[in-house]
J.: 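Here it is, the structure in full.
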Amino acid sequence: MNSKNRKIWGFIFVLPQLIGLILFSLIPLFNTISISFTEWDGISPVKKFVGLNNYIAEFNNPDFIKGLRNTLYYMILHVPFVIILGLLVALAVKNIYGKTVYRVIYFMPVVTGSVSVGVIWTWLLNGEFGLINQFLSMIGIKGPQWLTDPRWVLPAIAIVAVWWGLGYNMVIFLASLQNVPKTYYEAAEIDGANGYYKFLHITLPMISPTTFFVTVMTIINSFQVFDLAMVMTEGGPAKASYTFVYHIYESAFIKFRMGNATASAMVLFVIILIVTLFQMRMSERWVNYDI
């Protein structure tokens, strides 16, 4: 097969994915951008062009700021723990007998629907009769009002999110750890290296591409937190769990301000894009692809 035929067949194989990208990603993206410059209720066919008014209104909207601030706070609570715990569990499971069983057990919450997870944990975290507070009372600790106290509601949602996403990160880290050549560890042992040295100078550099991937995906998912806040608290109490995506949902489907909602969505898109590009640039300093 000559080079021309290879290019043709390559294009044929890529074409279905390309069509899907255009239909389900690029066209909706450009449509969202166009709507963000209009005043539209999502029902009537009339779209009034208003320029940058939607963006200006959103940046002056207290709910917009509240949602962004709550989302950033949630990220601080969620991202480090779900990454670090995922790595620690993967290290613990790596060399034990029956690791396939543990892998299945830890991954089961990941395939559970967000509504089911939210409903179950709403019951577990109930401040009056929830099992979590009952267990704490057995050891002499008075549990907080997890979902009705503004100080505790976002930490509670973050705890649920860590439990829910831990298995996904664990499986990815475990696959990466199993690909680290054992000869590196054997050579380090001959030189008298202890477990801490091997972890710091062999394990972490070897799995750095995986760590970078997990970090990027976890941060993106944290920016998009919505379902748990919707199911467990509906943004309350007193909008203490009012996240950025919840604000977009409320603007679009409760207040029917599609222009404002899409303007907020575009701001979120830009924020995620900037954060991802920054991470990619910083990854040049610590991610090792050539080891």
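Bear in mind that the values here come from a model prediction, so they are computed numbers and not experimental data. Numbers here are sequence positions counted from 1.
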J.: Within the 4.5 Å heavy-atom criterion, are Met217 and Phe213 side-chain neighbours or not?
T.: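 Met217 reaches Phe213 side chain to side chain.
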J.: Counting distance only, does the side-chain N/O of Thr38 pair as donor-acceptor with the main-chain N or O of Ile35 below 3.5 Å?
T.: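 Checked: pair present.
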J.: Nearest 0.5 Å, please: how far is CD1 in Ile157 from NE2 in His78?
T.: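 Interatomic distance, His78 NE2 to Ile157 CD1, rounded to 0.5 Å: 11.5 Å.
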J.: If you measure from CD1 on Ile202 to NZ on Lys182, what distance do you get to the nearest 0.5 Å?
T.: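 If we round to the nearest 0.5 Å, Ile202:CD1 and Lys182:NZ are 14.0 Å apart.
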J.: Of all heavy-atom pairs between Gly235 and Ser241, which one has the smallest distance, and what is that distance?
T.: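 Taking Gly235 first and Ser241 second, the nearest heavy atoms are C-OG, 3.1 Å.
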J.: Would you mind reporting whether Thr71 and Gln224 have side-chain heavy atoms less than 4.5 Å apart?
T.: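 With C-beta onward as the side chain, the pair stays apart.
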J.: Is it true that atom CZ of Phe212 has more than 12 heavy atoms of other residues, nucleotides or ligands lying nearer than 6.0 Å?
T.: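 For Phe212, atom CZ is crowded (more than 12 foreign heavy atoms under 6.0 Å).
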J.: Has the side chain of Ser34 got a donor or acceptor atom that lies under 3.5 Å from a matching backbone atom of Asn31?
T.: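 Side chain of Ser34 to backbone of Asn31: a pair is present.
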J.: Begin from the C-alpha positions of Val115 and Asp227 and carry the test side chain to side chain contact (heavy atoms under 4.5 Å, CB included) through to its verdict.
T.: CA-CA 7 Å; Val115 175; Asp227 38 13; over 6 Å; no
J.: Minimum heavy-atom separation for Asn54 and Val50, please, with both atom names.
T.: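 Reported closest heavy-atom pair: ND2-CG2, 3.7 Å.
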J.: Check for me, please, whether Val216 and Ile172 land in the same ILVMFWY cluster - side-chain distances under 4.5 Å, paths through other members count.
T.: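 Yes, it is one cluster - the side chains of Val216 and Ile172 are joined through contacts under 4.5 Å.
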J.: Are the side chains of Ile207 and Leu87 in contact, using a 4.5 Å heavy-atom criterion?
T.: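 When only atoms from C-beta onward are counted, Ile207 and Leu87 do touch, with a gap below 4.5 Å.
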J.: More than 12 heavy atoms of other residues, nucleotides or ligands under 6.0 Å from OH of Tyr197: yes or no?
T.: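 No, OH of Tyr197 has 12 or fewer neighbouring heavy atoms, counting only those of other groups under 6.0 Å.
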J.: Any chance you could measure Phe64, atom CZ, to Glu58, atom CD, to the nearest 0.5 Å?
T.: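 These two atoms lie 6.5 Å from each other.
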J.: Can you check side chain to side chain contact (heavy atoms under 4.5 Å, CB included) on Thr233 and Thr148, steps first, answer last?
T.: CA-CA 8 Å; Thr233 62; Thr148 57; over 6 Å; no
J.: Spell out, as yes or no, whether a donor-acceptor pair under 3.5 Å connects the side chain of Ser176 to the backbone of Phe173.
T.: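 Side chain of Ser176 to backbone of Phe173: no pair is present.
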J.: Indicate the atoms forming the closest heavy-atom contact of Met206 with Pro181, along with that distance.
T.: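 Nearest heavy atoms, Met206 then Pro181: CE-CD, 3.7 Å.
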J.: Applying salt bridge (charged side-chain N to carboxylate O under 4.0 Å, His left out), which residue pairs with at least one partner in residues 29-56 are found, sequence neighbours left out?
T.: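 Salt bridge (charged side-chain N to carboxylate O under 4.0 Å, His left out) check on residues 29-56 returns no pairs.
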J.: How close do Thr243 and Ala229 get, counting heavy atoms only, and between which atoms?
T.: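 Smallest interatomic distance, heavy atoms only, reads CG2-CB, 4.3 Å.
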J.: Yes or no on side chain to side chain contact (heavy atoms under 4.5 Å, CB included) for Val225 and Val245, after CA distance, side-chain angles and deciding distance?
T.: CA-CA 7 Å; Val225 59; Val245 177; over 6 Å; no
J.: Flag the pair Pro109 / Val117 as yes when at least one side-chain heavy-atom distance between them is below 4.5 Å, and no otherwise.
T.: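 The answer is no, as the side chains (C-beta and beyond) never meet within the 4.5 Å cut-off.
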J.: How far apart are the closest heavy atoms of Ala156 and Leu125, and which atoms are they?
T.: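 Closest approach of Ala156 to Leu125, heavy atoms only: CB-CD1, 4.0 Å.
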J.: Let me confirm one number: the CD1-CG distance from Ile65 to Asn70, rounded to the nearest 0.5 Å.
T.: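 Answer rounded to 0.5 Å: 11.5 Å.
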J.: With side chain to side chain contact (heavy atoms under 4.5 Å, CB included) as the criterion, how do Ser137 and Lys142 come out once you've worked through the C-alpha distance, each side chain's angles and the decisive distance to 0.1 Å?
T.: CA-CA 6 Å; Ser137 65; Lys142 180 177 176 54; over 6 Å; no
J.: A quick test of your reading: do over 12 heavy atoms of other residues, nucleotides or ligands sit less than 6.0 Å from CZ of Phe37?
T.: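 Yes, the 6.0 Å shell around CZ holds more than 12 heavy atoms from other groups.
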J.: Do Asn61 side-chain atoms and Asp63 backbone N/O form a donor-acceptor pair below 3.5 Å?
T.: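 Yes: the side chain of Asn61 pairs with the backbone of Asp63.
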J.: Under a 4.5 Å side-chain heavy-atom rule over Ile, Leu, Val, Met, Phe, Trp and Tyr, are Val231 and Phe226 clustered together?
T.: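 In one cluster: no.
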J.: Less than 4.5 Å apart, side chain to side chain, heavy atoms only: is that true for Leu29 and Met266?
T.: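 Of all side-chain heavy-atom pairs linking Met266 with Leu29, at least one is under 4.5 Å.
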J.: Would you say Trp152 has more than 12 foreign heavy atoms packed within less than 6.0 Å of its CH2?
T.: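 No, not enclosed.
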J.: With sequence neighbours left out, write down each residue that passes salt bridge (Lys or Arg N to Asp or Glu O under 4.0 Å) with Glu234, or none if nothing qualifies.
T.: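 Counting only residues at least two positions away or on another chain, Glu234 forms no salt bridge (Lys or Arg N to Asp or Glu O under 4.0 Å).
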J.: Say whether, by atom type as modelled, one donor and one acceptor occur between the side chain of Trp9 and the main chain of Phe13 under 3.5 angstrom.
T.: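 A pair under 3.5 Å: no.
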J.: If you compare all heavy atoms of Ile219 against all heavy atoms of Val275, which two are closest, and at what distance to 0.1 Å?
T.: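 Answer, listing the atom of Ile219 first, then Val275: CG2-CG1, 4.0 Å.
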J.: Can you check whether Met108's main-chain N or O pairs, donor with acceptor, with Thr112's side chain at less than 3.5 Å?
T.: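 Yes; at least one donor-acceptor contact below 3.5 Å.
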J.: Look at the side-chain heavy atoms of Ile, Leu, Val, Met, Phe, Trp and Tyr, link any pair under 4.5 Å apart, and say whether Met230 and Leu77 land in one connected group.
T.: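 The answer is no; the residues belong to distinct hydrophobic clusters.
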J.: Hey, does the side chain of Gln178 reach the backbone of Lys94 with a donor-acceptor pair shorter than 3.5 angstrom?
T.: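 Pair absent, no side-chain N/O of Gln178 close to backbone of Lys94.
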J.: Do the non-hydrogen side-chain atoms of Phe81 and Leu166 ever get within less than 4.5 Å of each other?
T.: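 They are not in side-chain contact.
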J.: Enter the distance from Leu204:CG to Thr211:OG1 here, rounded to the nearest 0.5 Å.
T.: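 Leu204 atom CG to Thr211 atom OG1 measures 6.5 Å (nearest 0.5 Å).
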J.: Determine whether the side chains of Ser36 and Tyr55 contain a donor N or O and an acceptor N or O closer than 3.5 Å.
T.: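 Yes.
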J.: Would you kindly say whether Thr32 and Thr262 are connected by a side-chain donor-acceptor distance under 3.5 Å?
T.: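 No donor-acceptor contact under 3.5 Å links the two side chains.
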J.: Within a 6.0 Å radius of atom CH2 on Trp286, are there more than 12 heavy atoms belonging to other residues, nucleotides or ligands?
T.: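 More than 12 within 6.0 Å, yes.
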J.: Do Tyr184 and Pro205 have side chains that approach each other closer than 4.5 Å (heavy atoms only, starting at C-beta)?
T.: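 Not in contact.
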J.: Roughly how far, to the nearest 0.5 Å, is CZ of Phe223 from CZ of Phe244?
T.: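 Here the interatomic distance stands at 9.5 Å.
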J.: Going only through I, L, V, M, F, W and Y residues with side-chain contacts under 4.5 Å, is there a path from Tyr242 to Phe253?
T.: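 Cluster IDs for Tyr242 and Phe253 match.
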J.: With a 4.5 Å heavy-atom cut-off, do Leu147 and Asn126 have their side chains touching?
T.: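 No - every pair of side-chain heavy atoms lies 4.5 Å or more apart.
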J.: Just checking, any donor-acceptor pair under 3.5 angstrom between side chains of Tyr185 and Thr203?
T.: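 Short answer, yes.
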J.: Establish whether Val46 and Phe256 are linked, either directly or via other cluster members, by ILVMFWY side-chain heavy-atom contacts under 4.5 Å.
T.: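 In one cluster with Val46: Phe256, no.
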J.: Could you check, using the six-membered ring where one of them is a Trp, whether Tyr196 and Phe199 have ring centers closer than 6.0 angstrom?
T.: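 Centroid separation for Tyr196 and Phe199: 6.0 Å or greater.
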J.: Please check if any side-chain donor atom of Trp146 sits under 3.5 Å from a side-chain acceptor atom of Asn133, or the reverse.
T.: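 A donor-acceptor contact under 3.5 Å links the two side chains.
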J.: For Trp164 together with Trp121, are the ring centres under 6.0 Å from each other?
T.: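 So the answer is no for these two rings.
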